[in-house]
Protein chains: 2
Amino acid sequence: MKDTTAVNQISPLDRVPTSSLIAQQLREAVMSGALAQGSQVGEAELAGRFGVSRGPLREAMQRLVQEGLLDSIPHRGLFVVELAADDIRDIYAARTAIEGAALQAIIGRPDAAGIARRLDKAVAKMHTAAARGDGPVLARSDLAFHEQLVAESGSARLQRMASTLLVETRMCMASLTGKYVAPADLADEHTKITDAIRSGDQAAARKVMEDHMDDAVGRLAGPLAADREGSGSR
Amino acid sequence: MKDTTAVNQISPLDRVPTSSLIAQQLREAVMSGALAQGSQVGEAELAGRFGVSRGPLREAMQRLVQEGLLDSIPHRGLFVVELAADDIRDIYAARTAIEGAALQAIIGRPDAAGIARRLDKAVAKMHTAAARGDGPVLARSDLAFHEQLVAESGSARLQRMASTLLVETRMCMASLTGKYVAPADLADEHTKITDAIRSGDQAAARKVMEDHMDDAVGRLAGPLAADREGSGSR
DNA sequence: CCCTCCAAGATTGTTGACAATCCTACATTC
DNA sequence: GAATGTAGGATTGTCAACAATCTTGGAGGG
């Protein structure tokens, strides 16, 4: 039950620094494809759009560089990373490691059943989106599920790492708009994961996660390779 | 065989931006304990020591914030993170995920035997350090082994994540100088890992890694909890 | 004695200007 | 005509000054 008395709702108010706000917006721009892969991210223009000077903007960009979302070439500028087929495989290898570990941690918890139930709600959202034939929302709910999965593990570090990997995942999807469509049974695939939590079988759960990721790689790597081949990336 | 003719050694020269250089030095300062956990990292003073203005320094610091090595409190400053016993467990849970995945990737390689041999060399360095009773070098070789292990996996993303986790690992050890001593059989423990690569047994390898990490947590978490209790941080 | 208020000093946040580097396009030379 | 050299414009890298915020110390009042 929540405490609703005003005085006890006081929490260490988190004023977010400007550079964090900018970094978050940049992250979303990269994620959605608003900033195309391989394109240069001009400082002056972006600073103007955000209504700040180049200082805070550069600080924000350095954070994305550290995440591996931007590439820095000295005295030339920052560029959105280009994700090739090898990167897709790498991203999913890393995701398998992170999310597999999160899954195992959850299974080890006494309240694993409750976590599975909360994750089921996320799956339900995927179902409704799939029923409406709403591709974008389906893709977003997909990532939301995985984000919540890692969050439920309670590991701040796994969460931070997963966050970046999910941005890259969405980047790939965005770059394949039109070519990539989420499969109809995507939601059911996720039920296998929540079922694995309920089963409590660590080895089986790991296998489920590996298969889930392998499927996704298969869906993405093929179209991406074909896409990159057709048009030089600029 | 390498090509040693001068003209063919030409490679896209990588001039490193100032902020990267500063970030690397800061990382080492945090890692070695030169910047104590919980201590504030003053901009003006550091900028003076580096001989640069606050601009590039702030950019470098933002990168460490993104890595989770520094904590940002708006309008107050940046502080070196404080690692509690829970963090140790989290760090090693994440390391188990990352390095376990790297281990599995290596086992899947056709040249796994060659990789095992290269890693044996790293273990040999640990042996000589242990024989000399050189604790600091032994600890550094330990981390070098794990860094190389992940590097051999060939995954840029696992490597990036492991890099940060290893810095945090060394931070813990540095904060326990005097209380923490590397055990005599530490080198042999690592031979188990290279043996696991040669065995080719994925499940067994994972188990070896999990045990290895569990041991390390046991060695660190206890002393750290006792240490933090004795003297209030900061 | 304790609490509140206020001012001084110090630190962080932001900005605009200056210096260095790079790319493009045109002129020059062989 | 191809290669080399050279301004011009644009972009990034760096800096020092200004504004905003926080902390610290002491004065004043209850």
Side-chain angles (χ1 to χ4, degrees), chain A residues 7 10-26 29-30 35-67 69-82 232-234, chain B residues 7 10-26 29-30 35-36 38-82 232-234:
Chain A
V7 69
I10 293 177
S11 59
L13 47 91
D14 51 305
R15 285 174 302 174
V16 180
T18 313
S19 59
S20 292
L21 294 176
I22 298 175
Q24 189 53 36
Q25 291 224 16
L26 281 180
V30 167
L35 290 175
Q37 292 186 30
S39 67
Q40 182 167 9
V41 185
E43 296 181 2
E45 187 213 330
L46 264 184
R49 291 163 74 96
F50 282 120
V52 298
S53 75
R54 284 170 50 214
L57 181 74
R58 282 174 63 90
E59 288 174 17
M61 294 202 296
Q62 288 300 319
R63 292 174 70 140
L64 298 216
V65 169
Q66 180 62 39
E67 284 186 274
L69 299 175
L70 295 182
D71 239 358
S72 168
I73 304 181
H75 296 115
R76 287 233 294 170
L78 295 165
F79 301 80
V80 182
V81 289
E82 293 191 71
S233 57
R234 187 225 160 78
Chain B
V7 69
I10 293 177
S11 60
L13 48 91
D14 52 305
R15 284 174 303 173
V16 180
T18 312
S19 59
S20 292
L21 294 175
I22 298 175
Q24 189 53 36
Q25 291 224 18
L26 283 180
V30 167
L35 290 174
S39 67
Q40 181 165 10
V41 186
E43 294 182 4
E45 187 212 331
L46 263 185
R49 291 163 75 95
F50 281 120
V52 298
S53 76
R54 285 169 50 213
L57 181 75
R58 281 174 63 91
E59 289 174 17
M61 295 202 296
Q62 289 300 318
R63 291 174 71 140
L64 297 218
V65 169
Q66 180 62 38
E67 283 185 273
L69 298 177
L70 295 182
D71 238 356
S72 168
I73 305 181
H75 295 114
R76 288 235 301 181
L78 295 165
F79 300 80
V80 181
V81 288
E82 292 192 72
S233 59
R234 194 209 157 74

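Chain letters run A, B, ... following the sequence lines, proteins first and then strands; every chain starts at 1.
Applying side chain to side chain contact (heavy atoms under 4.5 Å, CB included) to B:Arg54 and the options B:Met61, B:Glu43, B:Glu59 leaves one that passes, B:Glu43.
Between the CD1 atom of B:Ile22 and the C1' atom of D:dC15 there is a distance of 13 Å, rounded to whole Å. The CD atom of B:Glu43 sits 5 Å away from the P atom of C:dT12 (whole-angstrom rounding). Atom CE in A:Met61 sits roughly 9 Å away from atom C1' in D:dT12 (whole-Å rounding). Rounded to an integer number of Å, the gap from B:His75 NE2 to D:dT23 P is 11 Å. With rounding to whole Å, B:Leu21 atom CG is found 15 Å from D:dT14 atom C1'. The nearest whole Å value for the distance from the CG atom in B:Leu57 to the P atom in D:dA16 is 14 Å. Taking atom CD of B:Glu59 as the reference point, atom P of D:dT12 lies 12 Å away to the nearest angstrom. Following rounding to the nearest Å, A:Glu45 (CD) and D:dA10 (P) show an atom-to-atom distance of 15 Å.
Side-chain atoms of A:Arg15 lie closest to D:dC22 of the nucleotides D:dC15, D:dC22, D:dG13. Side-chain proximity of B:Ser53 to C:dT15, D:dC15, D:dG13: nearest is D:dC15. For A:Gln40, the side-chain atoms get nearest to D:dT11 when compared with the rest of D:dG13, D:dT11, C:dG13. If you check D:dT12, C:dC22, D:dC15 against the side chain of A:Arg54, the one that comes closest is D:dT12. Checked against D:dG13, D:dC15, C:dG13, the side chain of B:Val52 finds its nearest nucleotide in D:dC15. Relative to the side chain of A:Arg58, the nucleotides D:dT14, C:dT14, D:dC22 differ in distance, and D:dT14 lies closest.
One finds the CD atom of A:Gln24 at 12.0 Å from the OG atom of A:Ser19 (value rounded to the nearest 0.5 Å). Of the inter-residue distances, the one linking A:Leu21 atom CG with A:Phe50 atom CZ reads 9.5 Å to the nearest 0.5 angstrom. Separation of atoms CG (B:Leu78) and CD (B:Gln62) is listed at 6.5 Å; rounding is to 0.5 Å.
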Check step by step if side-chain contact (heavy atoms from CB on, under 4.5 Å) holds for B:Gln40 and B:Arg76. CA-CA 9 Å; B:Gln40 181 165 10; B:Arg76 288 235 301 181; 5.7 Å; no
Would you please test A:Val80 and A:Leu70 for side-chain contact (heavy atoms from CB on, under 4.5 Å) and show each step? CA-CA 5 Å; A:Val80 182; A:Leu70 295 182; 4.1 Å; yes
Test log, rule side-chain contact (heavy atoms from CB on, under 4.5 Å), inputs A:Leu35 and A:Leu26: CA-CA 8 Å; A:Leu35 290 175; A:Leu26 281 180; 4.2 Å; yes
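Residue A:Gly55 is classed as a base contact, given a heavy-atom separation below 4.0 Å to a base. Using a 4.0 Å heavy-atom distance criterion, A:Ser19 is classed as making no nucleic acid contact.
Between B:Glu45 and B:Arg49 a salt bridge is recorded (basic side-chain N to carboxylate O distance below 4.0 Å).
Each end of the helix from C:dC1-D:dG30 to C:dC30-D:dG1 gets its own axis, taken as the rotation carrying the C1' atoms of four end pairs onto the next four within a five-pair window, and the two axes meet at 10° to the nearest 10 degrees.
For A:Arg76 and A:Pro56, each mapped to the nucleotide of DNA chain C holding its nearest heavy atom, the one lying further toward the 5' end belongs to A:Pro56.
Using a 4.0 Å cut-off, no side-chain N or O of A:Thr18 falls inside it from OP1 or OP2 of C:dG13.
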